[in-house]
2 protein chains.
Amino acid sequence: MSQTRPSSIREIATKLGVSTATVSNALRGTGRVSSALAAQIRVEADRLGYVPDHAARALRTGKSNTIGLLVPNIGQPLFPAFAQAVERAAKRRGLAVLIGDSQGDPQQQDFEIRTMIARGVDALIVIPTRGTTIAPADVPVPVAVIDSAATVGNIAASDHREGGRLIAHHLLEIGHDRLLILAGPENSLVACERVEGMREVFRHAGVEPALRYSDATFEAGSALGRELDLRHFTACAAAYDALAIGFAIAVKDRGCSIPEDMSLTGFDDLMWAQIVSPPLTTVRQDLETVANHALAFVAGETDTSRIFPTELVLRQSTARPSAFAKGGRHAE
Amino acid sequence: MSQTRPSSIREIATKLGVSTATVSNALRGTGRVSSALAAQIRVEADRLGYVPDHAARALRTGKSNTIGLLVPNIGQPLFPAFAQAVERAAKRRGLAVLIGDSQGDPQQQDFEIRTMIARGVDALIVIPTRGTTIAPADVPVPVAVIDSAATVGNIAASDHREGGRLIAHHLLEIGHDRLLILAGPENSLVACERVEGMREVFRHAGVEPALRYSDATFEAGSALGRELDLRHFTACAAAYDALAIGFAIAVKDRGCSIPEDMSLTGFDDLMWAQIVSPPLTTVRQDLETVANHALAFVAGETDTSRIFPTELVLRQSTARPSAFAKGGRHAE
DNA sequence: CTGTTAGCGCGTTCAG
DNA sequence: CTGAACGCGCTAACAG
């Protein structure tokens, strides 16, 4: 389909009657090459459309300028956003990103890690799946784990616990005291942090919320919204937007309207959160900053683990409990 | 961070007192190696945790077993789904996927293509951005363009036009005759195909729908939903789910309820389509099949361009027009 | 200072 | 089954 095959450093060298070493040095600004000659070389390289062979360079230097990013499930809307943030941060450093999807399966995760290592990635950024732990010692390249402050080996994460506190404070502040927490998967440290943050604050206020565990999916939220007895609660705090959104749709079908009959909060500020009706009060992570720190770590620019602040996003899914709702007799 | 550095083919060779060529042959099943020796070699390789150096292999063979996937904007929910489909298809063939995001910018797209070539991808799959054209001749590797039947050089695509027809037939069938089409970007061939499919059918039925162009975003749909005079229409067909969803939220705020006052359709069957209220009647693409054909093409398994069928997904956003709505006097 | 020589890295491949 | 060249860019050691 094309003619543009070769064009190597040797071609430039012979064409200009110099050595390949000089060409290599000129093109990369290393060693000593007179600027006049260097300029000539660059011009010739351009003219020939020379592009260094990546494999050859990688072979010699042992660096592929590629990092692997492992996400638990690219189908869940938070992770494409993460991937984008990582790609932007990587591009700034001249790195390419190989994306792998563990599809929620720890074995698949191991497989992906091995594959990526075999492909010569210089570093890995891993968002672990289902509470697994990656021992960076098992892996011959730097690994940045992005999960939660509670995750062993975590390098960068949002402050999920603080996010939970923000939600809880907000709900208390507007007068809620009978609470349901959709806690997400029991084995997820991220979910656990979020929930613990909420509970801390509630407990401190003498409120003991009810807890329900489930998957972090829309469907699980929807199922809970259909099954639970809503009369006991004035507000529901979900550990994930998807959960909250599924819940919202389901309870709406039962005649429970948000926020009049019940306030509802999510977590993550997915694009959906502003789209659903009513728009969801939630917590936003600063993915860009988290991604950037993870990259700085694997690039060796820092060796500290960092937790980044989150932000409460107030929308229309939360309101003061109505006297009616407080009476515990809303539509059922 | 680790000890597991080397372990090369040579190490195995000396350890077993054979040549590297033999090891290479044994490990890949090529050439003639006695099966006894081959077994021994495999055992030793295992024991040493040998993994072939990807760069060295790529250098020698000229194949990196990596393909590049270029999407217009990974932030738009259809493209992660696409990326997933491509990754699955690639994995079946033992290929890794390098993802690039042109961010809606043709220049960025060119840059990404060059970068990927320089990285030695064996092939490219490109979903073009904003009506651009990629001349495969410019690129020294096979390129599969995924866009629409109307795109020059298109290799795999859904039958967007037929999808448009399905929508239009459905709307006619349930009795709509005053139609608004949210046509998406004027320069998108995909959008154009979808809209033309609809218009064909409407025209044939003597119906001339109104057309509005805009971005393919939620926000654009929302803006249109706020501005347009709804009284003229009994149904609205959007060329993208995002557009439809934005529109739905906006018109709901104006007291227009779907589908009672106005039917609404989308296109793509994003995950959102079933989440919004009411769930959206839309058209589903078979991404898996499209991705698979694109991979088969770049793998040289086929040299034909193919267009794949789409499927109408009926949900609750469409209904027969009410007499009231037909009278053109619904809430405004 | 400027430039060259030569060998390396590692799996593959082909004539022996 | 072996020996040795090969692909291509990098980089010490060396020479002008």
Side-chain angles (χ1 to χ4, degrees), chain A residues 4-42 44-46 48-66 94 117-122 140-141, chain B residues 4-42 44-46 48-66 94 117-122 140-141:
Chain A
T4 329
R5 303 102 174 186
S7 153
S8 72
I9 210 174
R10 269 167 255 270
E11 194 180 335
I12 303 175
T14 54
K15 201 145 287 185
L16 260 54
V18 299
S19 76
T20 62
T22 301
V23 176
S24 175
N25 283 324
L27 256 24
R28 293 175 314 130
T30 61
R32 28 294 108 142
V33 183
S34 74
S35 53
L37 180 52
Q40 253 185 76
I41 292 177
R42 273 190 296 267
E44 187 63 15
D46 260 31
L48 268 54
Y50 167 76
V51 179
D53 181 301
H54 188 255
R57 180 175 281 178
L59 175 58
R60 186 64 236 242
T61 62
K63 301 274 104 202
S64 63
N65 290 319
T66 303
I117 298 299
R119 283 189 176 269
V121 298
D122 296 337
V141 299
Chain B
T4 329
R5 303 102 172 188
S7 154
S8 70
I9 210 173
R10 269 165 254 270
E11 195 180 336
I12 302 175
T14 55
K15 201 147 288 185
L16 259 56
V18 298
S19 78
T20 60
T22 302
V23 176
S24 176
N25 283 325
L27 257 24
R28 293 175 313 133
T30 60
R32 324 117 264 253
V33 184
S34 76
S35 53
L37 180 51
Q40 252 187 74
I41 290 177
R42 273 189 296 267
E44 186 64 14
D46 260 32
L48 267 53
Y50 167 75
V51 178
D53 182 300
H54 187 254
R57 179 175 282 179
L59 175 58
R60 186 62 236 231
T61 63
K63 301 274 104 203
S64 63
N65 291 320
T66 304
I117 298 299
R119 283 188 177 269
V121 297
D122 296 336
V141 299

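Within every chain, numbering begins at 1; the chains are lettered A, B, ... in the order of the sequence lines, protein sequences first and strands thereafter. Predicted, not measured: the structure shown is a model, and the values here were computed from it. Below, all heavy atoms of this structure are taken into account, side chains as well, without hydrogens, waters or symmetry copies.
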Inset, instruction - For the pair A:S24 (side chain) and A:T20 (backbone), establish whether a donor and an acceptor sit closer than 3.5 Å, ignoring hydrogens and angles. - result: no
Inset, instruction - Scan side-chain atoms only and decide if B:R28 and B:T30 contain a donor-acceptor pair under the 3.5 Å cut-off. - result: yes
Legend entry - Partners meeting side-chain hydrogen bond (donor to acceptor under 3.5 Å, both in side chains) with A:S19 (sequence neighbours left out): A:T22
Legend entry - Passing option when A:R42 is tested against A:L27, A:V23, A:I12 for side-chain contact (heavy atoms from CB on, under 4.5 Å): A:L27
Inset, instruction - Begin from the C-alpha positions of A:T66 and A:R119 and carry the test side-chain hydrogen bond (donor to acceptor under 3.5 Å, both in side chains) through to its verdict. - result: CA-CA 9 Å; A:T66 303; A:R119 283 189 176 269; over 6 Å; no
Inset, instruction - Give B:V18 one of three labels, base, sugar-phosphate or nothing, depending on what nucleic acid heavy atoms sit under 4.0 Å from its own. - result: sugar-phosphate
Inset, instruction - Determine the minimum heavy-atom distance between B:A118 and A:V51, stating which atoms define it. - result: CB-CG1, 3.4 Å
Inset, instruction - Please find the earliest and latest nucleotides of DNA chain C, in the 5' to 3' direction, that have an atom within less than 4.0 Å of any heavy atom of chain A. - result: C:dT2 to C:dC10
Inset, instruction - Mind checking A:S19 for me? I need base, sugar-phosphate or nothing, with any heavy atom below 4.0 Å counting as a touch. - result: base
Inset, instruction - Specify the separation, in whole Å, of atom CG of B:L59 and atom C1' of D:dG9. - result: 9 Å
Inset, instruction - Hey, could you give me the CG/CD1 distance between A:N25 and A:I41, rounded to the nearest 0.5 Å? - result: 8.5 Å
Inset, instruction - For each nucleotide in nucleotides 10-16 of chain D, reading 5' to 3', give B when a protein heavy atom comes within less than 4.0 Å of its base, S when such contact involves only the sugar-phosphate, and - otherwise. - result: BB-B---
Legend entry - Check against side chain to side chain contact (heavy atoms under 4.5 Å, CB included), A:N65 and A:D122: CA-CA 6 Å; A:N65 290 319; A:D122 296 337; 4.3 Å; yes
